[in-house]
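Working notes, beginning with the structure itself.
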Amino acid sequence: MLKTATDTGQGSSSSFDVIVVGAGFAGMYMLHRLRAQGFSVKVLEAAGDVGGTWYWNRYPGARCDVESMSYSFSFDDDLQQEWSWSQRYALQPEILDYARHVADRFDLRRDIQFDTRVSSATFDEAAGRWAITTDGGETLDAAFCVMATGCLSTPKLPEVDGIKNFKGHCVHTGDWPHEGVDFAGKRVALIGTGASGLQAIPVIAEVAGHLTVFQRTANFSVPAWNRPLTDEEEADWKSRYDYWRGRERRTHSGFHNEGGHPSAADLTHDERIAVLEEQWNKGGLLMWNVFSDLMMSREANETAAEFVRDKIRATVEDPDVAELLCPKTHPMGSKRLCVDSNYYETFNRDNVELVDISEQPVERITGQGLVQGGREHGFDVIVFATGFDAMTGTLLKMDIRGRGGEALRQKWQDGPVSYLGIAMAGFPNLFTITGPGSPSVMSHVLMSLELHVDWITDCLVHMREAGVDVIEASEEDETRWTDHLNDVVAGTFYVEADSWYMGANVEGKPRGFMPYIGGAGKYREICTDVAAEGYRGFRFSKASQAVA
Ligand code: N01
């Protein structure tokens, strides 16, 4: 049976009801909810403080692509009312301040062990408990283990020789030095033009002596039109937060301002351009939903893609540079759309140069810079904005073993499979928050992680009341869910791109679309129904019976 915090003498024990891995937004909220229900909880976190992605991604220009008033926890109205955001899209330091504020306000840190990386998690079938080991050699155990490890938490360096030889400063956007990087007057190389690179480039360009951007694939980006939030906007949100949150929860992507988008097939060319222009002027990620058939109709997609290319051509003064910046190798939206502030304008600066490496990659890093196109370029700083081993990387770095000692690495050797992106057959009492197979990165992630945390908490309370202590997803339902996931994405352009959604950015990683794109609102209904139907697709038992 599950113990309460008092039973286990929480604080001194290494035995808990629940161990949560990660103290980003997901882990913080998980701790808060479970603690309130009387479970003993320990959170293990590799970083030195809370914040997860906002702790690590401190590169210049890092900001959230979800609007500030929406990008916050919804679970506590006092918290919603007391916090004020300064801009339409908040910068990383402000979001990290918010995470710290939440940690202070709910006294979370006393149950979080920082500077602790989990190296393995093993399910003991006889005891029905997880043994967790850390890089510090500690072993802890818990009835349940919740992986709140984030989708983009394992930075990926390119497979290029010589990085260690570089005598200057070498940094990755996803593991940015806390003391910052001095770019003033320096010769800077930046490799990678995804969401991180696009945010960093304009800010670095303002201080660097010279910035060379090495681009392998041009990306589609939409302006953020960032600006200070007005008092009226804040007051509107705060006077009816329930309304806005309710709207978010019913939409496809979780954005409060998502509307009904027309099918491009029903519009004339001029009408399509008018719709695109209107969305462009609003800015932000909703360009992804501009037409309901954007990701399925070649014509709709090409109209939108050419519209963005025309914007690039109208912004970038050098026509050759503009053409290089025009994405032509993948359908718009099949790689993560970017949201920028002055990205394309930055290429009009005298101190910024674009180098196309689509045909001739960076050959190697040297002591003084890098070799590309058969010549050595000298640099003082190299910035890798080269992304992450997304969605599965962090989970598979740990040695996670379920029933019969089966390794998760083995189970996922052909790609991740899960039931709802929350649990895996053969891995009882293990939950993943925003795991592969859930909307996660295809939705407003904070909203999606709150759903998972609430669902897991309700499930554990249900188990306590029912007097059972082992839960496991059935293999049949896991297969059914995985088939559904694949059916929904089949025939869309998502499967065409060499994106990190497809695992294509990591050599040797199985190719397959990892998040669920059936819609965040629909997914919420499914999760709610599963719970209402006595956790359909899950099997419950007592630990002693679980051995069978
Ligand atoms: O990483 P990416 P990211 N040589 O994988 C290039 C989230 N995010 O850190 O496209 C040369 O998207 C690679 O080229 P290619 C968001 O979900 C959110 O920018 O593979 N280039 C690409 O251009 C986002 O999608 C916010 O050909 C190499 C780039 O590096 C996710 O994080 C802000 C290379 C990597 O782009 C990841 O974004 C920032 C090589 N060997 C990020 N290897 C918010 O605001 C890779 N590249 C919420």
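Just so it is clear, the structure is predicted and the values come from calculations on it, not from any experiment. Excluded from the calculations below are hydrogen atoms, water molecules and symmetry mates; all remaining heavy atoms, backbone and side chain alike, are included. All ligand and atom numbering here is 1-based and tracks the order in the structure.
Ring centroid separation for the pair F75 and H32 comes in under the 6.0 Å cut-off. Taking the centre of each ring, F291 and H261 stay at or above the 6.0 Å mark.
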Give every donor-acceptor pair under 3.5 Å between a side-chain atom in residues 157-170 and any protein atom, sequence neighbours left out.
residue	atom	partner	partner atom	Å
E159	OE2	K156	NZ	3.1

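Listed by chain and number, residues touching ligand 1 at under 4.0 Å (heavy atoms only) are Y59, R63, C64, D65, L152, P158, I191, G192, T193, G194, A195, S196, Q199, R216, T217, K335, R336, I357, A385, T386, G387, F388, W500.
Shown here are the ring-ring contact (aromatic ring centres under 6.0 Å, His included) partners of H452, two or more places apart in sequence or in another chain: Y523. With sequence neighbours excluded, the residues that form a side-chain contact (heavy atoms from CB on, under 4.5 Å) with E94 are W85, S86, A90.
Within the cation-pi definition used here (under 6.0 Å to the ring centroid, within 45° of the axis), R216 does not qualify as a partner of F214.
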